[in-house]
Chemist: 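Could you have a look at this structure, given as structure tokens, before my questions?
Start at 1 with the first residue, then count along the sequence. Both counts, for ligands and for their atoms, begin at 1 and track the order of listing. Nothing here was measured: the structure is a model prediction, and the numbers come from that model.
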Amino acid sequence: MRYISTRGKSAAKTFSEILLEGLAADGGLYVPEEYPQVKPRELDAMRTMTYPELAYAILSKFIDDIPAEDLRRMVNETYTKEIFGTDEIVPLKKLEDGLYILGLSEGPTLAFKDIALQLLGRLFEYALAKDNAELNILGATSGDTGSAAEYAMRGRRGIKVFMLSPFGRMSPFQRKQMYSLQDQNIFNIAVRGTFDDCQDIVKALNEDAEFKKKYKLGVVNSINWARIAAQTVYYFWAYVHVTKTNDEQVSFSVPSGNFGDILAGYIAKRMGLPVKNLIVATNENNILEEFFKSGTYRPRKDVAITSSPSMDISKASNFERYVFELVARDAVRMKELWSSLASTGSFTISKEELERVKGDGFLAGSSAHSDRLATIRSVDKKYNVLIDPHTADGVTTGLTVREAGVPLVCLETAQPAKFAETIREAIGQEPELPTRYGVLSEEPERVEVLDADAEAVRRFVSERA
Ligand SMILES: *Cc1c(COP(=O)(O)O)cnc(C)c1O
């Protein structure tokens, strides 16, 4: 299995070669040369597999340059009851016949990013040890991604994490979760400024090629292929637990931001999983809804701040991978679309291409704050299940656009406990912390407060990297 760039100008590489890279040298994203296939016989075998067994069966198709026993060990160490709370890892909850919630947020930071990042931490450590190399991850977070990255990388050999966050602007839960980590390879930097200031500093230091090379800077962003591969697994898992035979189809509704989660569903479908519809659910930042309905992709300059904040995006960083498939991997067409995007700020696909999008099974919708509140309330009342605001976006759109007679699986991307304020607004009381988190850490907070100044951060990193 080799990987090529969506812009078509970078040499094909192996999995291990792209693992620690971000964008390809030509600015594109890596995708497999071709999608591995899962035969009906294999799908049948998955019906009785445990989650780690299934994860290995899928991942070994994408990762063929790590010895089988090593990959199996890392997968087995990642998907454990200890880390994800249950042996099922991603529990499937049935609300009623034909309607399910897939619990993807049982990991250490209570959001679905743990599923891929917990594996990524082990893959990174393994790859670095093999080359006797080191990596310093520099990132910015407004809450969720940063904590998932820290929990994935804590205590890992050869890796240090420098995570910038806006001073005084995170929820008490997020702050405790990140700052109370005692691992010596985790450095929390609270910046006196906004999340945008944090991002600007990370960007400035990453653009300094000399500094980047000298201090071996890397990132953990959502375009990393290993993350997408790890996310395809739970689509297979949900499918084999919802159906009895491979003749049945299932639809998925996915709260979407950077298009990583739902892209994994599309790839599962390309691998042969009988998926009917992939429902793109957005919040008020609905650039993806606009594209899937009209064929126009128009990133926004301003991002609305919403009550499903992990979906507040201006552009969808993984979307290019889907467009590459949509245009049948035609490099000339890709160039046309991306030139239009660069010069006019948008592109519009042709009628035939829009037909193809429909043929791929995509449906879309968006919801607003009041929809989230109403859905949280009604799901709680009707099924006695409390869902978080992101999951509520998925359920709202899923119930609106689903086809009758096709089972619908709504992906749960975070736990309600993370978004206490919105839950209180919806149902008049605070969500409970999952029992494993009954008491948040009493450990002292480890955080350095710095001015919103790239030089100050540069000094801090260079003294500790
Ligand atoms: C990241 C995230 C999303 C969006 O996932 P994408 O892969 O970016 O589309 C949705 N919900 C939660 C809670 C998230 O953390």
Chemist: Does an N or O from Ala414, backbone or side chain, lie closer than 3.5 Å to an N or O of ligand 1?
Modeler: no
Chemist: Do the two ring centres, one from Tyr51 and one from Tyr234, sit under 6.0 Å apart?
Modeler: no
Chemist: Does only the side chain of Phe112 get under 4.0 Å from ligand 1, or the backbone, or both, or neither? Count heavy atoms.
Modeler: side chain
Chemist: Could you list which atoms of ligand 1 come closer than 4.0 Å to a heavy atom of Met311?
Modeler: 10 (C)
Chemist: Determine whether any heavy atom of Ser256 lies closer than 4.0 Å to an atom of ligand 1.
Modeler: yes
Chemist: Does the side chain of Tyr151 pick up a donor-acceptor pair with the side chain of Asp183 at under 3.5 Å?
Modeler: no
Chemist: Does NZ or CZ of Arg329 come closer than 6.0 Å to the centre of the six-membered ring of Tyr35, within 45° of the ring's axis?
Modeler: yes
Chemist: Quick one: do the Thr6 and Glu320 side chains pair a donor with an acceptor below 3.5 Å?
Modeler: yes
Chemist: At what distance is the nearest protein heavy atom to atom 2 (C) of ligand 1, and which residue and atom is it?
Modeler: Lys113 NZ, 2.5 Å
Chemist: Any nitrogen or oxygen of Asn258, side chain or backbone, less than 3.5 Å from one on ligand 1?
Modeler: yes
Chemist: If we ignore hydrogens and angles and just use 3.5 Å, is the side chain of Asn277 paired with the main-chain N or O of Ser251 as donor and acceptor?
Modeler: no
Chemist: Note the single closest protein heavy atom to atom 7 (O) of ligand 1, along with its residue, its atom name and the distance in Å.
Modeler: Asp261 N, 2.9 Å
Chemist: Give the residue and atom name of whichever protein heavy atom lies nearest to atom 9 (O) of ligand 1, and the separation in Å to one decimal.
Modeler: Gly257 N, 2.8 Å
Chemist: Could you list which atoms of ligand 1 come closer than 4.0 Å to a heavy atom of Gly260?
Modeler: 6 (P), 7 (O), 9 (O)
Chemist: What class does the angle between the rings of Trp338 and Phe347 fall in, given that below 30° is parallel, 30 to 60° is tilted and above 60° is perpendicular?
Modeler: tilted
Chemist: May I ask you to decide if the ring planes of Phe187 and Phe162 are parallel, tilted or perpendicular, using 30° and 60° as cut-offs?
Modeler: parallel
Chemist: For atom 11 (N) of ligand 1, which protein heavy atom lies nearest, and how many Å away is it?
Modeler: Thr413 OG1, 2.9 Å
Chemist: Using a 4.0 Å cutoff against the non-hydrogen atoms of Phe259, which atoms of ligand 1 qualify?
Modeler: 6 (P), 8 (O), 9 (O)
Chemist: Does the ring center of Phe62 lie less than 6.0 Å from the ring center of Trp225?
Modeler: yes
Chemist: Do any nitrogen or oxygen atoms of Ala111 lie less than 3.5 angstrom from nitrogen or oxygen atoms of ligand 1?
Modeler: no
Chemist: Under a 4.0 angstrom heavy-atom cut-off, which atoms of ligand 1 come close to His390?
Modeler: 11 (N), 12 (C), 13 (C)
Chemist: Pair His390, Phe112 - check ring pair (Phe, Tyr, Trp, His ring centres under 6.0 Å), show working.
Modeler: CA-CA 11 Å; His390 303 79; Phe112 94 98; 9.6 Å; no
